[in-house]
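Side chains are part of it too, since the values below use all heavy atoms of this structure and drop only hydrogens, waters and symmetry mates. This is a predicted model, so every value here is computed, not measured.
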Amino acid sequence: MNDMRPVEGQPALVRPKIGLALGGGAARGWAHIGALEVLIEAGFGPDVIAGTSIGAVVGGCLAAGKLPELSEFATSMTKRRIVGLMDFHIGGAGLIAGGRLKRLLEQHLDGIRIEELDRRFVAVATELGFGHEIWLTHGPLVEALTASYALPGIFDPVKLGGRWLMDGALVNPVPVTAARALGADVVICVNLNSDLAGRGTTIQDQSSDPDPLVPELRVEPEPRWYDGISGAAKRVRNIVGRPTENRPGLAGVMIDAFNITQDRISRSRLAGDPPDVMIGPKLGRIGLFDFHRAGETIELGRQAARRALDDIATLVAANHIAPES
């Protein structure tokens, strides 16, 4: 599917360099695993990988040859195990210190440097205080990944090279530009927010009168830290759970605001520098923190990639190039 027959007397054309831009989206990022599996099986494994946030984690694991291990970890996640990975702390710049997740990455990626990977790889982060878009293209892989997914208010920012870094989705949620800059001839992106229909519309005639139908708020007692795993699980639900008829919590509001901003920035960035092919998994029913639904999410990624295979094959065939002399 990927080769073109040479014309007699002329050198055989070679496949263009395929770049993959993997977007941010928290738990929805498990869809990247399924999409990558389909692309690799079809012969469209990427030569260049650019990732933001969870996209950086999945892309970094692929570049390091650890995608099967990541898939096995993702599908083993349960709500109980998710709570066990959250090292809450007081006095930091985020709710979660992130040390447990970092140690988990180090079990498979410790000692690996970005510049030593077989594929070109870049993790996108944002510089705190300045808003600079930072492309992490060399240095320890684990450090780059932890900086790229440092969601503001949830994880502590990461200091690398004298800069405080946080989630790259603040400035470049789907890093198509970075993939092209690293030498990709064609760029395929996986946009985790493409299925969020109905968001970002304009409501032009909304009353400012209070809603008389809103029920009186019930205030439940805060769970105690020492109530064990059930208390911890309830606290996590209160922090990251979806809004109910009651007033949403502080972190819930913050995360949803981040998600809305990311969606708007994605639309703008992709309009200015569109990918050659966009893979858009149907993830509208997957929540940002549904990490325990990896099996379902990975399959949605596979389905989306399969739908795009014909377009990718046509694109790659049309962009075969003469080998360098």
Practice task
Keeping the roles fixed (side chain from Arg306, backbone from Val38), state whether a donor-acceptor pair exists under 3.5 Å.
Solution key: no
Handout entry: Side chain His292, main chain Arg81, donor-acceptor under 3.5 Å
Key = no
Problem - Closest heavy-atom pair and its distance - Glu106, Asp110 - result: O-CB, 3.0 Å
Completion exercise
Looking only at heavy atoms, the pair that brings His32 and Leu22 closest together is ND1-CD2, 3.6 Å
Problem - Nearest-0.5 Å distance, CG of residue Leu105 to OH of residue Tyr149 - result: 5.0 Å
Handout entry: Leu20 side chain near Phe44 side chain, heavy-atom distance below 4.5 Å
Key = no
Exercise for the section: Among Val48, Ile114, Thr137, find the residue that satisfies the side chain to side chain contact (heavy atoms under 4.5 Å, CB included) test when tested with Val122. Expected result: Thr137
Fill in the blank from the handout: Tested for side chain to side chain donor-acceptor pair (under 3.5 Å) against Arg15, the lone hit among Asn319, Asp185, Asp47 is Asp47
Practice task
Could you tell me which non-hydrogen atom of Leu141 sits nearest to which non-hydrogen atom of Ala64, and how far apart they are?
Solution key: CD2-CB, 4.1 Å
Exercise for the section: Mark yes when over 12 heavy atoms from residues, nucleotides or ligands other than His138 sit less than 6.0 Å from its NE2; otherwise mark no. Expected result: no
Practice task
Mark yes or no for whether Asp87, through its side chain, and Gly98, through its backbone, hold a donor-acceptor pair below 3.5 Å.
Solution key: yes
Practice task
Examine distances only and state if a side-chain atom of Ser148 and a backbone atom of Val124 form a donor-acceptor pair shorter than 3.5 Å.
Solution key: yes
Problem - Gap separating the CG atom of Asp273 from the CZ atom of Arg180, nearest 0.5 angstrom - result: 4.5 Å
Problem - Contact check, side chains of Val176 and Pro274, non-hydrogen atoms, under 4.5 Å - result: no
Practice task
Find out if a path of hydrophobic residues (ILVMFWY) with successive side-chain heavy-atom gaps under 4.5 Å connects Val174 to Ile279.
Solution key: no
Handout entry: Heavy-atom closest pair, residues Ser194 and Asn191
Key = OG-O, 3.4 Å
Handout entry: Side-chain touch Ile33/Leu67, heavy atoms, less than 4.5 angstrom
Key = yes
Practice task
Evaluate the ring planes of Phe289 and Phe291, with Trp represented by its six-membered ring, and classify them as parallel (under 30°), tilted (30 to 60°) or perpendicular (over 60°).
Solution key: perpendicular
Exercise for the section: Any chance you could measure Ile134, atom CD1, to Glu127, atom CD, to the nearest 0.5 Å? Expected result: 5.0 Å
Problem - Close side-chain approach of Arg285 and Glu296, heavy atoms under 4.5 Å - result: yes
Handout entry: Exercise: identify the closest heavy-atom pair between Lys102 and Thr146
Key = CG-CG2, 3.9 Å
Exercise for the section: Decide yes or no on side-chain contact (heavy atoms from CB on, under 4.5 Å) for Val158 and Trp164, but give the supporting numbers first. Expected result: CA-CA 6 Å; Val158 178; Trp164 284 104; 5.9 Å; no
Practice task
Treat each ILVMFWY residue as a node, draw an edge where side-chain heavy atoms are under 4.5 Å apart, and state whether Ile49 and Ile54 are in one component.
Solution key: yes
Practice task
Check whether any side-chain heavy atom of Leu85 sits under 4.5 Å from a side-chain heavy atom of Met77, and report yes or no.
Solution key: yes
Handout entry: For Met278, the option from Leu270, Val190, Ile188 that meets side chain to side chain contact (heavy atoms under 4.5 Å, CB included)
Key = Leu270
Practice task
For the residue pair Val83 and Lys79, establish whether any side-chain heavy-atom pair is separated by less than 4.5 Å.
Solution key: no
Handout entry: Inter-residue atom distance Thr126.OG1 - Glu133.CD, 0.5 Å rounding
Key = 7.5 Å
Practice task
Look only at the side chain of Asp276 and the backbone of Val187, and say whether a donor-acceptor pair between them is shorter than 3.5 Å.
Solution key: yes
Handout entry: Whether Arg302 side chain and Glu37 backbone form a donor-acceptor pair below 3.5 Å
Key = no
Problem - Neighbour count above 12 (heavy atom, 6.0 Å) for Glu69 CD - result: yes
Practice task
Group every Ile, Leu, Val, Met, Phe, Trp and Tyr by side-chain heavy-atom contacts under 4.5 Å, then state whether Leu182 and Val58 land in the same group.
Solution key: no
Practice task
Using modelled atom types only, decide if a donor and an acceptor are shared between the side chain of Thr52 and the backbone of Gly168 within a distance under 3.5 Å.
Solution key: no
Exercise for the section: Measure the spacing between CG of Leu70 and NE2 of His108 and express it to the nearest 0.5 Å. Expected result: 9.0 Å
Handout entry: Non-hydrogen side-chain atoms of Ile265 and Val171 separated by less than 4.5 Å
Key = no
Practice task
Report whether Met86 and Leu145 are members of the same hydrophobic cluster (ILVMFWY, side-chain heavy atoms less than 4.5 Å apart, transitive linking).
Solution key: yes
Problem - Under 3.5 Å: donor-acceptor pair, side chain of Glu115, backbone of Gly139 - result: yes
Exercise for the section: Spell out, yes or no, whether Leu170 and Val57 are grouped together once hydrophobic residues are joined by side-chain heavy atoms under 4.5 Å, including indirect joins. Expected result: yes
Problem - Nearest heavy atoms of Ala50 and Ala178, plus distance in Å - result: CB-CB, 3.9 Å
Handout entry: Pairwise side-chain contact, Ile298 with Thr75, heavy-atom cut-off 4.5 Å (strictly under)
Key = yes
